[in-house]
Amino acid sequence: MSKKLLKWNEDRTLFPEKNSEGKIDVDYDSHKFMKIWHGPQHPGITGNMSLELTLLGDEVMDCETHVGYLHRGFEKLMERRKYIQCFPIVCRVAVPEPDFNEYCFASAMEELAGIEVPEAAEWLRTLVLEMSRLQSFLAWMGGQAGSLGQGIIGQWTIYLRDLILDRFEELTGGRIYHMYMLPGGVRGLLPDGFRQRMTENLDEIDRFMKDVKKVMFDNAVFKKRTVGMGVIDPAWIHPFGITGPNARAAGVAKDVRKDNPYLKYPELDFEPVVGKDSDIYTRADVRRRDLLMTVDLIRQIMAKIPDKGDIRAKTPNVLHWKVPAGETYSRAECTRGEYGYYMVSDGTEYPRRINVRGPSYTHAVALLEKMIVNANIADVAGLMVSLHTYPPEIER
Amino acid sequence: MAKLNDILSPFTAWKHVVREPVTIKDPLNREAADRYRGFHKNDISECIGCGTCESICQNAAIDLVPVDGVETKDGDSGLRPRVDYGRCCWCGLCVDVCTTNSLSLSNEYTWVDEDPDNFRFVPGAENKSWDSREKGYKKPGNGYELYNPKREAMEELEPEKRDQSFIEIVQGYSKEQAEQEADRCVECGICVATCPAHMGIPEYIKAIRNDDLNEGLRVLYDTNPLPEICGRICTHKCETVCSVGHHGDPLSIRWLKRYIADQNPAEEYKKILNTENLQPTGKKVAIIGSGPSGLSAAHYLALMGYQCTIYEKLPAAGGMMRFGIPEYRLPYDQLDKDINYILSLGVEIKYNVTIGKDITLEELHNQYDAVFSGTGLHMGRSTRVPGTDHPKVYQAVDLLRDIVLGKEIPLEENIVVIGGGNVAMDITRSLARLQKQKYGKVGVLATSLESEDIMPADREEVIEAREENAVIDPGWGPVEIETEGDKVKGLHVVKCLSVFDENRRFAPKFDEEQKKFFPADMVVESIGQGMDLSYLPEAFKEQLDMDQRGRILVNDDFQTSAGWLFAGGDIIQGPDVIHGIANGHKAAMGIDKYLSEK
């Protein structure tokens with residue numbers, strides 16, 4: 001194979017042969033193998049999950065992913081909450097990028113109830129989703145650089161993310177959990193002076209991203225550790241349900257914003273960012289360009305967003321809102337791929353079933369277990385972060 | 001191969017060495033954004049303790065608790081929200097759903113305390129440093145409402161279609177309208193506490209939302225056996241205190257009650273209410289008067305198996321509901337629907353029987369195990385100004401009764417009505433209709449001591465009376481009715497400055513300089529009614545506990561000091577229908593208790 005999945009020791013005679021199931025027989029008594037736990041507190045994990053690694057030397061022979069450290073039972077909890085009471089819960093499903101939960105939950109409800117959201121609220125939702133993508137990309141970028149030994153990038157991007165969180169605080173009243181996209185609309189218009197401050201922040205981000213490009217991407221060490229590493233075969237994309245930058249870096253232009261336009265995206269000018277090499281470097285670069293595109297999208301949104309107008313449609317009384325019986329799937333493009341809410345209503349005041357489709361579920365469990373075999377232990381964190389996974393959305 | 005550029009490029013990072021650090025110098029004193037959702041504030045003088053904040057909170061972080069200095073009263077539960085910061089997630093839905101807009105969040109977000117219990121507190125009642133902060137999260141405007149504050153409009157007969165007839169004006173809600181209106185309820189229950197009968201208002205409104213009108217009827221009959229009547233003419237104290245009414249229109253509780261009653265066919269009542277097989281106790285109760293209290297007592301006694309006989313002085317049942325309230329407000333078929341159901345439970349009515357004349361109280365006492373009296377207020381009071389003894393000066397209650405009885409009533413072209421209550425409006429509007437029928441035009445004027453803003457009549461009564469071309473000129477005190485032989489010339493009045501003194505006692509003040517004369521051929525007085533207790537023998541009256549104003553005193557079971565005699569309705573409390581119903585219900589329970597212990 002021209003592109004290696006990961007760099008491995010060329011001399012395979014040192015390693016046991018695989019059995020008929022494609023796995024090696026691990027014999028701990030031989031004292032050749034070592035089992036180590038990567039996580040749940042390892043900083044390269046970006047959240048609480050762990051990898052149970054079986055090593056031979058410094059190479060990963062086998063990996064089992066363990067989740068459950070963050071299980072809060074939200075999906076079940078929501079079946080015992082009125083719809084409006086689910087609203088403060090949903091944002092907590094994915095801590096670093098909560099707004100997609102709010103949007104998908106609200107839009108699923110609105111679709112079932114046949115509610116048209118006012119124009120201003122649609123624009124504000126689009127803005128908040130793009131801001132959310134921006135801060136999530138910035139947080140990821142620090143993680144990706146940090147997992148491969150570059151501390152400085154994280155310091156810059158977390159600073160930049162903080163600027164966006166300031167804007168979130170101003171617009172929504174919260175920094176992390178915004179609780180802004182209420183079913184039926186949003187909870188506030190743009191504050192005075194918001195545009196000006198946002199524009200300054202975006203300029204600052206642009207300025208820093210130029211340095212990030214030079215320090216992180218035009219970097220011999222980073223390239224050496226990432227180019228040709230951790231390749232996702234385009235053939236896996238459909239069977240593994242790979243979406244977002246992970247798919248786009250493999251040349252598959254999957255983007256819900258284009259494929260299944262929602263909110264005000266049809267009125268915005270953008271093309272999905274794609275790469276072709278599908279390695280860690282390409283994925284990182286796709287995300288960097290995606291981030292810059294998000295900056296551009298926010299500028300476009302700021303130019304079009306109205307300052308006045310109704311922010312919430314007329315809905316039934318939220319204290320006993322009976323959503324008409326039916327089922328729907330509402331989706332949006334988050335930084336990691338397709339985020340979706342499958343909602344079933346039986347016509348009562350309580351949702352019958354809500355299922356959250358977080359892209360991390362496919363990326364961090366099945367795909368990671370497949371990709372990690374034969375990786376060097378030093379590359380495990382970098383590989384995992386390159387899939388951009390958020391464990392909280394695996395365990396709802 | 002790595003390019004030379006890839007080796008040199010990362011050194012760009014060094015240029016940041018000379019950059020200003022971006023760290024915030026004093027994060028503890030950083031002020032949060034204007035809309036930040038920080039710690040709770042509550043204006044407890046605005047708050048009514050409705051508890052919608054508690055019901056929307058998914059974390060159960062809010063409890064309603066009693067607070068020193070806050071009294072329970074009509075429209076105020078006396079409780080205030082206590083927030084537990086061990087549970088709160090600062091979503092702010094409590095602020096959005098607050099019916100009085102008293103709750104808000106400040107933008108303060110740091111609070112250091114060594115005692116964890118302190119983080120459970122009653123905002124507003126316990127002073128906090130952020131109480132005076134202006135900034136923070138408040139309920140957004142711009143069409144943001146979690147429930148509809150606007151009332152579903154009620155269809156009414158146009159003034160020109162109704163001013164000659166006694167056809168019912170209010171058309172009632174359609175199914176869709178009723179469900180829309182029922183949806184606005186926040187289920188706080190403030191109305192339940194205020195309703196004299198403590199009706200299960202949120203429950204029957206919920207039944208409308210669930211389209212389960214049979215259940216709705218069952219809830220109504222738990223506390224009120226006259227829902228068609230109350231659904232039309234109740235004084236709806238519930239709506240006055242409705243929490244939604246603080247920043248919007250109160251729920252149309254009365255019309256919703258009517259909707260339930262209207263939609264359930266009379267012939268199915270017994271089946272729906274499960275009253276087909278009542279077990280008789282063999283005991284008998286006599287009831288004097290078939291007004292709301294008498295009917296209510298009869299209904300609940302019948303349910304408990306007592307054989308009830310109502311003694312009614314007039315030829316039809318209903319008391320003031322029939323003989324005081326005009327048909328355009330309360331059609332007789334609807335009145336009969338409620339009354340006939342009560343009669344179907346085995347209650348007997350003896351019409352045209354006057355106690356003290358046709359049968360004595362003593363005889364009732366001997367023939368029955370207990371007696372309930374709800375004789376009401378049927379004697380009109382007079383202003384006693386000069387001229388009131390003239391034969392062309394009438395009492396409103398007498399005229400209203402005569403209209404119902406089908407008697408010819410005196411009707412002149414120009415009439416002045418003295419009074420500003422609902423009875424005054426009833427007679428004004430009834431006379432206006434009759435004048436329109438007879439003379440083709442309306443010439444009736446109503447005047448009251450109270451100025452327009454404090455007139456006791458319902459606002460819609462005043463508006464509708466004007467739509468029907470009656471003149472309402474409030475704020476005048478009657479001085480003299482000018483008469484000339486057998487004719488009335490009109491009413492002299494002076495400006496009334498205030499009706500009550502600072503202790504809310506009746507002490508009208510007048511400006512004698514401002515005079516006015518209302519010309520009229522006939523004057524009707526409608527300033528209130530008094531009771532007629534002449535059926536009580538004098539010797540018996542002397543033994544009975546009564547207050548200085550001649551009212552019979554009763555205990556919590558509406559039992560008089562005579563033991564076997566119970567009393568309720570307008571002679572005890574009110575005057576209105578719903579108090580009568582509540583009294584009748586309580587008296588029925590009291591009679592049951594009395595007869596069970598006997």
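Because the structure is a prediction, the values reported are computed rather than measured. In the text below, chain A, chain B and the rest are named by the order of the sequence lines, each starting its count at 1.
Checked by atom type and distance alone, the side chain of B/Q58 never pairs as donor or acceptor with a backbone atom of A/I84 at under 3.5 Å. Although no hydrogens or angles enter the test, the distance criterion places no donor-acceptor pair under 3.5 Å between the side chain of B/R35 and the main chain of A/G174. Between the side chain of B/T12 and the main chain of A/V215, no donor-acceptor pair closer than 3.5 Å is present. Using a distance-only test at 3.5 Å, with no hydrogens or angles considered, no donor-acceptor pair links the side chain of A/R187 to the main chain of B/P140.
Within a 6.0 Å sphere centred on CZ of A/R80, heavy atoms belonging to other residues, nucleotides or ligands number 12 at most. Annotation: B/R151, atom CZ; neighbour count of heavy atoms from other residues, nucleotides and ligands within 6.0 Å is above 12. Atom CD of A/E116 is surrounded by 12 or fewer heavy atoms from other residues, nucleotides or ligands within 6.0 Å.
Side-chain atoms of B/K15 and A/D211, non-hydrogen and from C-beta on, do get closer than 4.5 Å to each other. For the pair A/L182 and B/L146, the minimum side-chain heavy-atom distance is below 4.5 Å.
For the pairing with B/D6, the salt bridge (charged side-chain N to carboxylate O under 4.0 Å, His left out) check across A/K223, A/K224, A/K213 returns one residue only, A/K223.
The CG atom of A/N219 sits 10.5 Å away from the CG atom of B/N5 when rounded to the nearest 0.5 Å. The line from CE of A/M179 to OH of B/Y137 is 10.0 Å long, rounded to the nearest 0.5 Å.
For A/V212, no part lies near chain B; criterion is any non-hydrogen pair under 4.5 Å. At a 4.5 Å heavy-atom cutoff, the contact between A/F208 and chain B is made by side-chain atoms alone. Interface residue B/N210: backbone and side-chain heavy atoms are both found under 4.5 Å from chain A. With a threshold of 4.5 angstrom between heavy atoms, A/P118 does not approach chain B through any atom at all. Contact annotation for A/K308: neither backbone nor side-chain heavy atoms come within less than 4.5 Å of a heavy atom of chain B. Of the two parts of B/K139, neither the backbone nor the side chain holds a non-hydrogen atom closer than 4.5 Å to a non-hydrogen atom of chain A. For a residue to count as touching a neighbouring chain, one of its non-hydrogen atoms must lie under 4.5 Å from one of that chain's; by this rule B/Y36 touches chain A with backbone and side chain alike.
In this structure, B/K206 does not pair ionically with A/E349, as no charged nitrogen and carboxylate oxygen lie closer than 4.0 Å.
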> Checking salt bridge (Lys or Arg N to Asp or Glu O under 4.0 Å) for the pair B/D96/A/R312: CA distance, chi angles, key distance, verdict?
Replying inline: CA-CA 12 Å; B/D96 291 358; A/R312 191 161 184 270; over 6 Å; no
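Proximity to chain A at a heavy-atom threshold of 4.5 Å picks out B/A182, B/D183, B/R184, B/C185, B/V186, B/E187 from residues 178-193 of chain B, in numerical order.
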